[in-house]
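First up is the structure itself, then whatever we jot down about it.
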Amino acid sequence: TSRTNHPSSDIDAIGCNVLTGVVAHLIGRVSYHTITIIIMSNLANIQTCGLTEVILFLLAILFGTGCSICSKTMMNLHGTNGTFTDDGEPVIEAFQKPLFQTFGMFVGMLFGLVMHWVVVFFRIPFPGYDHDDEDENATSGDVEIPTEKTSLVVSNKLNNKNEENALPMEGGDSSSKEIPAWMYFFLAIPAIFDLAATALCMMGLQYLDVSIYQMLRGSGIIFVALMKQHVMKEHLHKFHWVGVFWNVISVVIVGSTALLASSGGESNAGITPSQTFLGVCLMMAGAFVQSVQFVFEEHVMKMDVPAPPLLLIGMEGFWGTVLSIAVMYPIGYFMPGDDHGSYEDPFNTWAMLMNSKNIQFAFVIYFFTIFFYNLFAVLVTFMLSSVWHAILDNFRPITVWVTDLVIFYYINPIFGEAWTSYSYIQIGGMAVLLYGTAIYNAPNDGCLLLEGQWWAFGIDLSDEYNAIRRELEEAEADAKWEAKRSDFKVRTRSSFMESPKISIHTQALRGIGAQHN
């Protein structure tokens, strides 16, 4: 695969400009106020799509688009490994290194550990972190007034769990517990899933257009829904399964589009139908493994001793980096292939990285986009659910495909994706994908309710929607009650000077009455 023609250097310079323009456009839309809203927001117990969740979702799409474009563009770059031909010309090779991109993803995720330590040390408000304020409460002299409800809770805890000081106090949440040492090793498990899934997807990306690649990743919602129902024993409603059904249809349409385009000669240059089929199979396998990772991450972040999102990202990056060096790269080096006799030669990869400025520049951009995508994607899983993480991958094909078309027609056709006669079928698959996602999202705002309309094909699930609304209303009422109860406090010091409206005798009588009731 060696070449000595220098026009590729100009092409690679254009490629780096493409990366810079696309990513700068994406990152430029992320304002300081948006980040502030995310960091300063408190997590709600009810998993509904509020403003914070919508912003997180959009940010994940934003950086996910940049990440996908960077991945495909890097595979089209060329560089030199420092060797020269007999004529003294540098040897130019294609930088098709799927294992290196997998390794680079984990290196980018390592930055999550730095952010985790910063958040913990400076006690910065961040989703998933409950900084313990018990010391402040203990010195303020505030205590909660006993009521009938809290008295029952206390007596129940004392009788069944033999716990002392069972009265709920602000800041006493289990999430404020110190993270045990075993958790850091336990997080190697999702890193293994992530390593396998990313490696499979990067291998499949070599043979597919980036828009097809992104749409096939949407099949993860199918596997996530199946595991949530049968492994995690979470009940899914009928409209959920209707949405999953339409997602299956969309995956079939998109996969067929890729095969038709390759057989008709309208796919990437040099890609045969058999290679395209291999790419589709690799992508489906990667989507399955990644769905296992999504569900496992959701379980980890909701354990009795949960792993905060930044720690989850950072430790996955740490273990993924270790596994890449100790396991993945040795396998890739000794496996026969076209990269100097190996499937992927890490020594040649390092030589090209050190001797090619354009590859270095592209890797830096990829580093930051992959970190911020993983950050916001994990926050989506934390604040919503693993199914929403899979839905995220369903929306990314739209932005990825539009960006790829813009690159092809307005920046440089070498790095973009052309419109073909099969693109109309691909649009149909995308429409079906959005239709299924909108059904799955019910009964939130902006979703599609199946209530017997023509586009619902006569399916009427109104009873399910009404039952869910009643559950949400009850949960919201309970949350408001708990908020008011936690705010209703009294002073333990003398009330004659500080609280003239409520005497200390009245406070005492209230407490005695509540205890006797």
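Quick caveat, the model's predicted, so the values are computed rather than measured.
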Will you find, in the side chains of H340 and E93, an N or O donor that is under 3.5 Å from an N or O acceptor? yes

Any chance you could lay out the side chain to side chain contact (heavy atoms under 4.5 Å, CB included) test for Y424 and W419, step after step, and finish with the verdict? CA-CA 9 Å; Y424 296 100; W419 182 273; 3.7 Å; yes

Rounded at 0.5 Å granularity, tell me how far OG1 in T349 sits from CD1 in I359. 9.0 Å

Does a sphere of radius 6.0 Å around CZ in F277 hold more than 12 heavy atoms from other residues, nucleotides or ligands, not counting ones at 6.0 Å or beyond? no

By side chain to side chain contact (heavy atoms under 4.5 Å, CB included), which residues pair with W241, not counting sequence neighbours? A225, L226, Q229, L236, V244

With A196 via side chain to side chain contact (heavy atoms under 4.5 Å, CB included) - residues at least two apart: V289

On a heavy-atom basis, the closest approach of C201 and Y213 is O-CE1, 3.7 Å

Compare all side-chain heavy atoms of W246 with those of I249 and state whether any distance is below 4.5 angstrom. yes

Which residues share a side chain to side chain contact (heavy atoms under 4.5 Å, CB included) with F121, sequence neighbours left out: none

4.5 Å side-chain heavy-atom contact, M75 and F95: no

If you look at every heavy atom in Y422 and T257, which pair is closest and at what distance? O-CG2, 3.4 Å

Below 30° counts as parallel, above 60° as perpendicular, anything between as tilted: where do the rings of W319 and F185 land? tilted

Sub-3.5 Å donor-acceptor pair from the side chain of S250 to the main-chain atoms of M430, do we have one? no

Using every non-hydrogen atom in the two residues, find where G429 and V254 come nearest and quote the distance to one decimal. CA-CG2, 4.3 Å

Side chain H230, main chain M227, donor-acceptor under 3.5 Å: no

Can you tell if the side chain of L311 reaches within under 4.5 Å of the side chain of L187, non-hydrogen atoms only? yes

Between L200 and M283, is a side chain to side chain contact (heavy atoms under 4.5 Å, CB included) present by the stated rule, with each step listed? CA-CA 6 Å; L200 289 169; M283 282 303 309; over 6 Å; no

Kindly indicate whether the side chain of E417, heavy atoms from C-beta on, has any atom under 4.5 Å from the side chain of W401. yes

Do the non-hydrogen side-chain atoms of Q275 and T272 ever get within less than 4.5 Å of each other? yes

Report the distance from atom OG1 of T276 to atom CG of L260, rounding to the nearest 0.5 Å. 10.5 Å

Spacing of Y410 atom OH and I407 atom CD1 [to the nearest 0.5 Å]: 13.0 Å

Has N81 got a side-chain atom pairing as donor or acceptor with T83's backbone, closer than 3.5 angstrom? yes

Looking at S324 and L195, what are the two nearest heavy atoms and their distance? OG-CD1, 3.6 Å

With sequence neighbours left out, what residues match A418 under side chain to side chain contact (heavy atoms under 4.5 Å, CB included)? F408, Y409

Would you check if the side chain of S356 reaches a backbone N or O of T80 as a donor-acceptor pair within less than 3.5 Å? yes

Begin with the C-alpha distance, continue with both residues' side-chain angles, and end with the deciding distance and a verdict on ring-ring contact (aromatic ring centres under 6.0 Å, His included) for Y333 and Y343. CA-CA 6 Å; Y333 180 71; Y343 179 80; over 10 Å; no

Tell me whether N355 contacts the main-chain N or O of A351 through its side chain, where contact means a donor paired with an acceptor under 3.5 Å. yes

Could I get the full list of side-chain hydrogen bond (donor to acceptor under 3.5 Å, both in side chains) partners for S423, not counting sequence neighbours? T420

So V251 and M284, do their side chains get closer than 4.5 Å, heavy atoms only? yes

Pairwise distance CD(E316) to CG(D194) - rounded to 0.5 angstrom: 5.5 Å

For M115, which of L310, V120, I124 qualifies under side chain to side chain contact (heavy atoms under 4.5 Å, CB included)? L310

All heavy atoms of M328 vs all of L99, minimum pair found to be CE-O, 3.4 Å

Are any of the side-chain nitrogens in D339 or K97 under 4.0 Å away from the carboxylate oxygens of its partner? yes

Heavy-atom pair with the smallest gap, counting every atom of G286 and A197: O-CB, 3.5 Å

Is there a ring-ring contact (aromatic ring centres under 6.0 Å, His included) between Y373 and F63 once you walk through the steps? CA-CA 5 Å; Y373 167 66; F63 284 99; 8.9 Å; no

Pair T65-T369, side chain to side chain contact (heavy atoms under 4.5 Å, CB included): steps then yes or no: CA-CA 9 Å; T65 301; T369 55; over 6 Å; no

Please confirm whether the backbone N or O of G243 pairs with a side-chain atom of N247, one donor and one acceptor, at under 3.5 Å? yes

What do you reckon, is CZ of F193 surrounded by more than 12 foreign heavy atoms closer than 6.0 Å? yes

Pairwise side-chain contact, F223 with Q290, heavy-atom cut-off 4.5 Å (strictly under): no

Is it the case that more than 12 heavy atoms not belonging to F288 sit under 6.0 Å from its CZ atom? no

If the plane angle is over 60° it's perpendicular, under 30° parallel, otherwise tilted; pick one for F186 and W182. perpendicular

Hey, what do you get for CE (M183) to CE (M315), rounding to the nearest 0.5 Å? 10.5 Å

Could you give the side-chain donor-acceptor pairs of residues 100-114 under 3.5 Å, partners two or more places apart or in another chain?
unit_1	atom_1	unit_2	atom_2	d
Q101	OE1	S71	OG	3.3
Q101	NE2	S71	O	2.9
T102	OG1	P98	O	3.0

d(K72 NZ, D209 CG) to nearest 0.5 Å is 6.5 Å

